[in-house]
Amino acid sequence: MTDTPALANDRFLRALRLQPVDRTPVWIMRQAGRYLPEYRASRARAGSFMNLCRNPEMACEVTLQPLARFPLDAAILFSDILTIPDAMGLGLDFIEGEGPRFQRPLRSAEQIRALSVPDPEDELGYVPAAVRLIRRELAGRVPLIGFAGSPWTLACYMIEGKGGTDFRRSKALLAEQPALMHELLETLAESIISYLAAQHRAGAQALMVFDSWGGILPPAHFREFSLRYLERIAQGLDLGEGDTRTPLIMFSKGANTHLPALADIGADALGLDWTISLAHARELTGDRVALQGNFDPTLLYANPEAIRNEVARVLADYGQGHGHVFNLGHGITPGVPPEHLGALVDAVHEFSPRYHG
């Protein structure tokens with residue numbers, strides 16, 4: 001990454017490093033998305049979701065759109081967690097109203113063993129290209145977050161062929177052929193490490209791993225097939241040390257009972273969904289890591305005054321001290337009025353300074 005301006009706003013990075021901040025930083029998962037009319041216009045011009053992802057100029061355009069509307073403390077690369085399996089040749093399509101589908105889902109040991117780690121500068125080169133462009137266009141306004149899906153989550157999509165299923169094929173494979181599942185997860189872990197390292201080299205100033213389906217696993221299976229590989233990624237990335245370290249956020253949705261173990265894998269912060277109290281999560285993790293979350297995204301359909309009340313409740317739940325990044329407990333949904341998100345951001349700005357005195 002060539003030299004870029006110093007950050008005008010490093011509040012997000014300081015919070016991830018458990019350093020003092022003047023107020024709680026805020027950004028929103030899927031902040032560049034379908035709830036914004038300008039995003040919908042960009043996607044229509046692109047012709048498809050993946051065309052938008054694969055075009056660095058358009059990915060940059062939509063990454064910056066929410067920052068033009070809201071005073072957020074971070075930008076997140078516009079991309080998708082399924083770029084890695086797409087680069088592995090599974091044939092990714094996004095069906096309107098149905099979500100992602102793979103034309104060639106994994107149905108045999110031969111398919112799994114034929115997979116190879118994609119070159120992030122070749123098959124996935126459009127992603128680091130977008131990171132470099134976004135960093136240039138941000139011009140030091142706020143940090144840029146790069147991301148990837150977790151090995152377990154990607155494996156589920158690749159085996160099931162789509163999202164939102166009962167995961168019967170994935171769970172059957174881990175029970176019947178655990179060694180084969182581990183082969184797949186190891187290939188994916190190597191791919192994710194390589195992919196995130198490329199985003200880091202290109203200029204991503206924080207990294208996040210989305211373990212969207214970790215919470216569907218029983219405790220023993222979570223430790224063996226999800227946690228083990230999250231730790232492999234955390235330990236496999238060279239992100240530096242101290243004040244110059246690039247922070248790593250792990251978000252394992254629905255895995256709240258595993259927070260003490262997650263806090264020990266080497267990540268700097270843990271994302272939280274809305275089903276656990278921030279105070280309880282803070283107690284479980286012992287302030288060893290920063291916490292990100294955990295406003296229920298469905299509450300963004302409430303009126304602005306109710307949203308303000310909920311923001312106040314979330315901030316009070318975390319309480320005094322640093323190390324909290326305000327976010328949703330999952331991604332913002334398409335029907336949310338943009339002005340409702342504006343009310344949330346304004347409320348974080350208004351209410352949070354009292355917790356950092």
Side-chain angles (χ1 to χ4, degrees), residues 7-16 20-40 42 61-78 134 137-145 147 205-206 208 247 249 251 269 271-274 278 290-319 321-357:
L7 274 172
N9 174 359
D10 66 348
R11 193 176 285 116
F12 167 68
L13 297 181
R14 291 181 63 81
L16 292 180
V21 291
D22 58 337
R23 62 168 173 79
T24 304
V26 54
W27 72 277
I28 301 298
M29 286 186 281
R30 293 190 194 141
Q31 63 190 24
R34 287 177 289 169
Y35 74 104
L36 291 176
E38 54 267 41
Y39 169 85
R40 295 194 296 270
S42 297
E61 175 185 308
V62 296
T63 296
L64 299 180
Q65 285 171 349
L67 299 177
R69 274 187 180 256
F70 313 112
L72 298 158
D73 293 296
I76 184 166
L77 164 71
F78 180 79
I134 296 163
E137 294 300 313
L138 278 171
R141 276 185 284 164
V142 294
L144 175 63
I145 306 165
F147 70 93
Q205 293 148 293
M208 184 164 174
I249 308 164
F251 177 40
L272 300 172
D273 63 35
W274 61 93
L278 283 170
L291 298 177
Q292 179 175 278
N294 64 339
F295 192 98
D296 182 345
T298 308
L299 293 176
L300 284 171
Y301 290 97
N303 65 45
E305 188 57 34
I307 291 169
R308 285 171 55 81
N309 292 338
E310 286 298 318
V311 168
R313 182 193 61 77
V314 170
L315 290 168
D317 188 21
Y318 187 86
H322 311 296
H324 179 210
V325 173
F326 199 102
N327 207 317
L328 306 184
H330 204 242
I332 190 169
T333 51
V336 169
E339 59 271 22
H340 286 202
L341 180 56
L344 179 146
V345 174
D346 290 345
V348 174
H349 289 178
E350 180 181 347
F351 300 143
S352 68
R354 71 190 66 170
Y355 297 102
H356 299 280

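In what follows, residues are counted from 1 in the order of the sequence shown.
To the nearest 0.5 Å, atoms OH (Tyr318) and CZ (Arg313) are separated by 16.0 Å. Distance check, rounded to the nearest 0.5 Å: CG of Leu315 to OH of Tyr355 gives 6.0 Å. Between atom CD of residue Gln205 and atom CG of residue Leu138 there is a gap of 7.5 Å, rounded to the nearest 0.5 Å.
For Asp346, there are no side chain to side chain contact (heavy atoms under 4.5 Å, CB included) partners, not counting sequence neighbours. A search for ring pair (Phe, Tyr, Trp, His ring centres under 6.0 Å) contacts involving Tyr35 returns nothing, not counting sequence neighbours. A search for side chain to side chain contact (heavy atoms under 4.5 Å, CB included) contacts involving Arg40 returns Pro37, not counting sequence neighbours. Applying the ring pair (Phe, Tyr, Trp, His ring centres under 6.0 Å) rule to Phe351 yields no partners; only residues at least two apart in sequence or on another chain are considered. Remark: His349 engages no residue in a ring pair (Phe, Tyr, Trp, His ring centres under 6.0 Å) (not counting sequence neighbours). Remark: Asp317 pairs with Ser277, Leu278, Ala279 by the side chain to side chain contact (heavy atoms under 4.5 Å, CB included) rule, at least two apart or across chains. Shown here are the side chain to side chain donor-acceptor pair (under 3.5 Å) partners of Asp10, two or more places apart in sequence or in another chain: there are none. With sequence neighbours left out, His340 forms a side chain to side chain donor-acceptor pair (under 3.5 Å) with no residue at all. Residues meeting the side chain to side chain donor-acceptor pair (under 3.5 Å) test with Thr63, sequence neighbours left out: none. For Asn303, the side chain to side chain contact (heavy atoms under 4.5 Å, CB included) partners two or more places apart in sequence, or in a different chain, are Glu305, Ala306. For the ring pair (Phe, Tyr, Trp, His ring centres under 6.0 Å) test, no residue two or more places apart in sequence or in another chain qualifies with Phe295.
No donor-acceptor pair closer than 3.5 Å links the side chain of Gln292 to the backbone N or O of Phe251. The backbone N or O of Glu38 sits less than 3.5 Å from a side-chain atom of Gln65, completing a donor-acceptor pair.
Across all their heavy atoms, Ser352 and Thr24 have their closest contact at OG-N, 3.1 Å. Residues Ile28 and Leu341 share a closest heavy-atom pair of CG1-CD1, 3.6 Å. Asp22 and His356 make their closest contact through O-CB, 3.8 Å (heavy atoms, listed as atom of the first residue, atom of the second, distance). Minimum heavy-atom separation, Asn294 to Leu272: CB-O, 3.4 Å. Residue Ala347 comes nearest to Arg308 through the heavy atom pair CB-CG, 4.0 Å, listed as atom of the first residue, atom of the second, then distance. Annotation for Val62 and Ser42: closest pair CG1-CB, 3.6 Å, computed over non-hydrogen atoms.
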Intermediate values then yes/no, side chain to side chain contact (heavy atoms under 4.5 Å, CB included), Leu300 and Leu344: CA-CA 8 Å; Leu300 284 171; Leu344 179 146; 3.8 Å; yes
Steps toward side chain to side chain contact (heavy atoms under 4.5 Å, CB included) verdict (Val345, Gln31): CA-CA 12 Å; Val345 174; Gln31 63 190 24; over 6 Å; no
Phe326 and Val311: CA distance, side-chain angles, deciding distance, side chain to side chain contact (heavy atoms under 4.5 Å, CB included) verdict: CA-CA 9 Å; Phe326 199 102; Val311 168; 4.0 Å; yes
Derivation of the side chain to side chain contact (heavy atoms under 4.5 Å, CB included) call for His324 and Val314: CA-CA 10 Å; His324 179 210; Val314 170; 4.3 Å; yes
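Using a 4.5 Å heavy-atom threshold, the side chains of Pro297 and Trp274 count as touching. Between Pro247 and Phe12 the shortest side-chain heavy-atom distance does not fall below 4.5 Å.
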Could you tabulate the donor-acceptor pairs under 3.5 Å formed by side-chain atoms of residues 327-337, not counting sequence neighbours?
{"residue": "Asn327", "atom": "OD1", "partner": "Met29", "partner atom": "N", "Å": "3.0"}
{"residue": "Asn327", "atom": "ND2", "partner": "Trp27", "partner atom": "O", "Å": "3.1"}
{"residue": "Thr333", "atom": "OG1", "partner": "Tyr301", "partner atom": "OH", "Å": "2.8"}

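For Arg23 and Asp73, the salt-bridge test passes: some basic side-chain N is under 4.0 Å from an acidic carboxylate O.
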